[in-house]
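None of the values given here were measured: they were computed from a predicted structure. A note on names: the letters A, B, ... follow the listed sequences, proteins ahead of strands, and every chain is numbered from 1.
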Protein chains: 2
Amino acid sequence: MAITHAILASLVGDKPCSGYDLAKQFNSSLGFFWKASHQQIYRELARMEKKGLVMSEVVQQEDRPHKKIYRVTDEGTQYLVEWIALPTEPSPVKEDLLAKFHVGYHVPIHIIIDEILRRRKIHEEKLKLYYEREREYFPDVAQMSMKAKFRYLNLRRGITHEASWISWFDEALALLGGAAVE
Amino acid sequence: MAITHAILASLVGDKPCSGYDLAKQFNSSLGFFWKASHQQIYRELARMEKKGLVMSEVVQQEDRPHKKIYRVTDEGTQYLVEWIALPTEPSPVKEDLLAKFHVGYHVPIHIIIDEILRRRKIHEEKLKLYYEREREYFPDVAQMSMKAKFRYLNLRRGITHEASWISWFDEALALLGGAAVE
DNA sequence: ATTGAATATGCACTTATTTGCATATAGTTT
DNA sequence: AAACTATATGCAAATAAGTGCATATTCAAT
């Protein structure tokens, strides 16, 4: 996915913010569909401003360095809406772990088992975090605004994604004879 | 994931082959963890040969253009095995559809519904293909070599991945009031 | 004969990403 | 006082990845 679209979606969908804020939003819903370094973000924001998709305003702060707050222009909004209407292909999977599994029988099995256990823990913690957020922010699924529904679905995608990893890890452990988990 | 690792894994795990063959293997198990254009592959193979990770042999063919068969060197194998032992982080998700959902309430709902239905069909077809391959190549899960187990698990990862997408699409359709599927 | 498909390779250009460096303010910790 | 953390921005260089174009052979179809 082009970083342009991710930034536009974030600025339109949340409030106008600085590059620093964008870089931080890896924790929030933005992190479900996009990650990038702050260097990428600053550069991309500058490019987008040159193209007229966003505009910035320098905000002087007393206790912190000044910052540039970016907001989406009408042109930017239109560009985003047009992009949404275009069909989207599934993003290609590039997963290290699967490449390792492809030749996994060439290394001692404990290396693979350890790696599965390590990765499983990472995904489990993420899943737990997502469940907590689900309980906290979306307690009443029946009563939600359109915006909330979409945010909820993105969170649900994170949940199904992590859950499918975990069930696969368990399958792998069972087949490869790894220890039971916890 | 670095394309280097994917190519090495493919050459070690399957048989030595040409860049053209590698590019075609998008259909087979290779496609679960890696996609690239033939241009990328040829360039990367050339680089890897310069580094000594692979070596090539030109094979003259009577009925087709000549081709270069690449095989992994001892150095390449060692490099791959060392890489496998390194821990692997989950690959960052960059999914267009989630960015679109982030601002989905800004466009008419039928655009989103249509896109869900279209994407659902793609994932369903892939899942069907994977199930067929599972029946065909792995009929007896209890009796498998180590190599077969790893191949089976990669296929299973493809299956859990696609299945999690489909269940999410159904959830989205239910919440957004889309038509029942088929 | 010419077009098209499959096999087979690759250069050149462009874009994307990563890494290292650099700067600046202010508060907190040692 | 010096070091560290958090906020805030950005350039430069290197590496990686992606797109467009170009070439060559053979067979099959029109």
Contacts of A:Tyr152 that satisfy ring pair (Phe, Tyr, Trp, His ring centres under 6.0 Å) - sequence neighbours left out: A:Phe138
Separation of atom CG in B:Leu22 from atom P in C:dA8, rounded to whole Å: 12 Å
Phosphate-side-chain proximity, B:Lys68 and C:dG10, N/O vs OP1/OP2 below 4.0 Å: yes
Residues within residues 37-47 of chain B bordering DNA chain D, heavy-atom distance below 4.0 Å: B:Ser37, B:Gln39, B:Gln40, B:Arg43
Any A:Lys94 side-chain nitrogen or oxygen under 4.0 Å from OP1 or OP2 of D:dG18: yes
Short side-chain N/O contact from B:Tyr20 to OP1 or OP2 of C:dT7, under 4.0 Å: yes
Between P of C:dT7 and CD of B:Gln60, the distance in whole Å: 19 Å
Spacing between A:Lys67 atom NZ and D:dA6 atom C1', to the nearest angstrom: 13 Å
Short side-chain donor-acceptor distance under 3.5 Å, A:Thr77 and A:Asp74: no
Residue pair A:Asp21 / A:Ser18, side-chain donor-acceptor N/O under 3.5 Å: yes
Between C1' of D:dA8 and CD of A:Gln61, the distance in whole Å: 8 Å
Partners passing ring pair (Phe, Tyr, Trp, His ring centres under 6.0 Å) against B:Phe101 (at least two apart in sequence or in another chain): A:Phe150, B:Trp168
Residues that B:Glu136 engages under salt bridge (Lys or Arg N to Asp or Glu O under 4.0 Å), provided they are two or more places apart: none
Atom-pair distance (OH on A:Tyr70; P on D:dT9), nearest Å: 8 Å
Gap between atoms CD and P, on B:Gln25 and C:dA8 respectively (whole Å): 13 Å
Closest-nucleotide 5' rank along DNA chain C - winner of B:Pro92 and B:Lys24: B:Lys24
Rounded (10°) bend between the five-pair end axes of the helix from C:dA1-D:dT30 to C:dT30-D:dA1: 10°
Nearest-angstrom distance from the residue atom NE2 of A:His5 to C1' of C:dT15: 14 Å
Residue list, ring pair (Phe, Tyr, Trp, His ring centres under 6.0 Å) with B:Phe169, at least two apart or on another chain: B:His123, B:Trp165
Ring pair (Phe, Tyr, Trp, His ring centres under 6.0 Å) against B:Tyr130, all qualifying residues, sequence neighbours excluded: B:Phe32
Rounded distance in Å - CZ (A:Arg64) to P (C:dG27): 8 Å
Sequence-distant partners of A:Asp14, salt bridge (Lys or Arg N to Asp or Glu O under 4.0 Å), two or more places apart: A:Arg151
Results of salt bridge (Lys or Arg N to Asp or Glu O under 4.0 Å) for B:Glu44 - residues two or more places apart only: B:Arg47
